[in-house]
J.: 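Below is one structure. I have some questions about it.
Below, read A as the first sequence line, B as the second, and so on, with proteins coming before strands; counting in each chain starts at 1. The analysis underlying the following values was restricted to heavy atoms, covering all of them including side chains, and did not include hydrogens, waters or symmetry mates.
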Number of protein chains: 2
Amino acid sequence: MSRSNVSYHHGNLAVALEEAALALLVEEGSSALSLRAVARRAGVSHNAPYHHFGDRQGLLKSVAARGLRDLLAAMVTARDSTSSPKQRLLAASFAYVDFASENRPLFELIFDPEICNPKEPNPVTGPLIEANDEFLAETVRAALPQETAETDVRTTAAALWGAVHGLAVLVSTQHLDASVVRPGLESLLELRFLE
Amino acid sequence: MSRSNVSYHHGNLAVALEEAALALLVEEGSSALSLRAVARRAGVSHNAPYHHFGDRQGLLKSVAARGLRDLLAAMVTARDSTSSPKQRLLAASFAYVDFASENRPLFELIFDPEICNPKEPNPVTGPLIEANDEFLAETVRAALPQETAETDVRTTAAALWGAVHGLAVLVSTQHLDASVVRPGLESLLELRFLE
DNA sequence: ACGCCTATCTTGGCATTGACAAGATACTTG
DNA sequence: CAAGTATCTTGTCAATGCCAAGATAGGCGT
């Protein structure tokens, strides 16, 4: 399956291009993320990506999907590192903010409405968005009283997601200092959601 | 001061360009916001903007500053439409979310870290960012018990800003439904901040 | 009033980019 | 082994951001 690096047919170009794009995103920022630069970095011609991704947005969507997977994985890991439902919710929230701060360009890509639009269904990003929604709802549900109605769970989850996302954005863009995240989230979370 | 529309020297190009950019942003979205398109719309040559704004980012920063002014004005108006400190805080928050939903491209421009970076001081956007911070702190302070320490005011303001901003972003990008804003914010605000 | 001066605007040009078209190459399947 | 197809390349085009140089006009001192 894996073939010579110098063969005409790359053999794994789609993946290689995604990784080149990710590397460029990390090293040079999103402004350097041109299709041609990605192709150059992967060592192929400027038009090679089109066969695999259709257009620029196609590649970006794949990269965003990869980022979404990583974000979800980070939250799952963080959540599963404790047992108390409330601590699990807090841990996942911190993981979210940390991910945004440590991968700002990727985080921005994930929430770029031109790339990941939850309303127009996309086979690559769509399922991941749903998986994140579900993870959030589950984690919140576990922290609420058992008899809580599903509607209330969803409302609470939405409010919480908003708070966590907002802090993540404002901290990662340096509008807020990172030191406010912990006290801020704790004050918001210790409210009335959790027993 | 105002001169003929057809004269060689426009007389008010900077403002005209800002307005053309805003119009393009509203009508065509941020992807259509090229310097040349703005110049075309203003009826001048493709290089006329450079004298006034230096480069593309310069123009965008001016547009973002205009947006920041509008956002602040909307919040002030909303806040001053009621008298109870808590209702004033709620009203300003809703105005923030509404502004984001009704002016998504402009809102994105305002919080684009390439355009409005709070860390590298900018004479046009910097003071406005501070004014918004101050407005937020004041409005929060009025809603907290009088003896609240300034540090706590700032922390609370940061947490609240995060929650409001996150809801604004997620709603305006359609990740969340607008119907969650009111119950979400109210549940977050009725917590422990307000007497 | 006259002429220079400078801010303002235009034309021309260059490198880069996203996208399309057509050709070259190599894997694969019958 | 030959035909077919997926993959990759070269060539090209319009659009864009920006730089350089020229054109125009309003303001200034004399």
J.: Counting just side-chain N and O atoms, does B:S34 come under 4.0 Å of either OP1 or OP2 of D:dT16?
T.: yes
J.: Give me each pair satisfying salt bridge (charged side-chain N to carboxylate O under 4.0 Å, His left out) with a member in residues 150-163 of chain A, each pair once, sequence neighbours excluded.
T.: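 Of all non-adjacent pairs touching residues 150-163 of chain A, those that pass salt bridge (charged side-chain N to carboxylate O under 4.0 Å, His left out) are A:E134-A:R154, A:R141-A:E150, A:E150-A:R154.
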J.: If I take atom CD in residue A:Q57 and atom C1' in nucleotide C:dT17, what distance separates them, rounded to the nearest angstrom?
T.: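 Whole-Å distance recorded here is 15 Å.
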J.: Quick check for you: among D:dC18, D:dT16, D:dT9, whose closest atom lies nearest to any side-chain atom of B:Y50?
T.: D:dC18
J.: For B:T125, is there any backbone N or O sitting under 3.5 Å from a side-chain donor or acceptor partner on B:N122?
T.: yes
J.: I want to confirm an ordering. Mapping A:G54 and A:A32 to their closest nucleotides on DNA chain C, which one lands closer to the 5' end?
T.: A:A32
J.: If you check the B:R56 side chain, which of C:dA19, D:dG17, D:dT9 turns out closest?
T.: D:dG17
J.: Which part of the nucleic acid, if any, lies within reach of A:H46 when heavy atoms closer than 4.0 Å are counted: base, sugar-phosphate only, or nothing?
T.: base
J.: Round to the nearest Å and state the distance from B:N12 atom CG to C:dT8 atom P.
T.: 11 Å
J.: Any donor and acceptor pair, going by atom type alone, linking the side chain of B:N103 with main-chain N or O of B:F99 inside 3.5 Å?
T.: yes
J.: Between A:T148 and A:L144, is there a donor-acceptor pair closer than 3.5 Å when you use the side chain of the first and the backbone of the second?
T.: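 No; zero donor-acceptor contacts below 3.5 Å.
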J.: In whole angstrom, give the distance that lies between atom CZ of A:R40 and atom C1' of C:dA15.
T.: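 So the two atoms are 11 Å apart, to the nearest Å.
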J.: Taking the side chain of A:H52 as heavy atoms from C-beta outward, which of D:dT9, C:dT11, D:dT7 is closest to it?
T.: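 Of the candidates, D:dT7 comes closest.
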J.: Starting at atom CZ of A:F53, determine the distance to atom P of C:dT17, rounded to an integer number of angstrom.
T.: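 These atoms are roughly 18 Å apart.
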J.: When you measure from every atom of DNA chain C, which of residues 18-29 of chain B have a heavy atom less than 4.0 Å away?
T.: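 DNA chain C contact set from residues 18-29 of chain B: none.
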J.: What pairs with B:D80 under salt bridge (charged side-chain N to carboxylate O under 4.0 Å, His left out), at least two apart in sequence or on another chain?
T.: B:R88
J.: May I have the distance from B:L60 (atom CG) to D:dC18 (atom C1'), rounded to whole angstrom?
T.: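 Distance, rounded to whole Å: 15 Å.
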J.: Can you identify which nucleotide, out of C:dA19, D:dT9, C:dT17, has its nearest atom closest to the A:A48 side chain?
T.: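 For the A:A48 side chain, the nearest candidate turns out to be D:dT9.
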J.: Look at the side chain of A:R182 and the backbone N and O of A:F94, then say whether any donor-acceptor pair between them is shorter than 3.5 Å.
T.: no
J.: Closest-nucleotide mapping onto DNA chain D: is B:D55 or A:L13 further toward the 5' terminus? I mean the 5' end.
T.: A:L13
J.: Picking from C:dT17, D:dT7, C:dT11, which would you name as closest to the side chain of A:H51?
T.: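 Nearest listed nucleotide: D:dT7.
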J.: Look at all strands and tell whether A:R36 reaches a base, only sugar-phosphate, or nothing, counting heavy atoms closer than 4.0 Å.
T.: base
J.: Side chain of B:D55, backbone of B:G58: donor and acceptor closer than 3.5 Å?
T.: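 The answer is yes, because a donor-acceptor pair under 3.5 Å joins these two groups.
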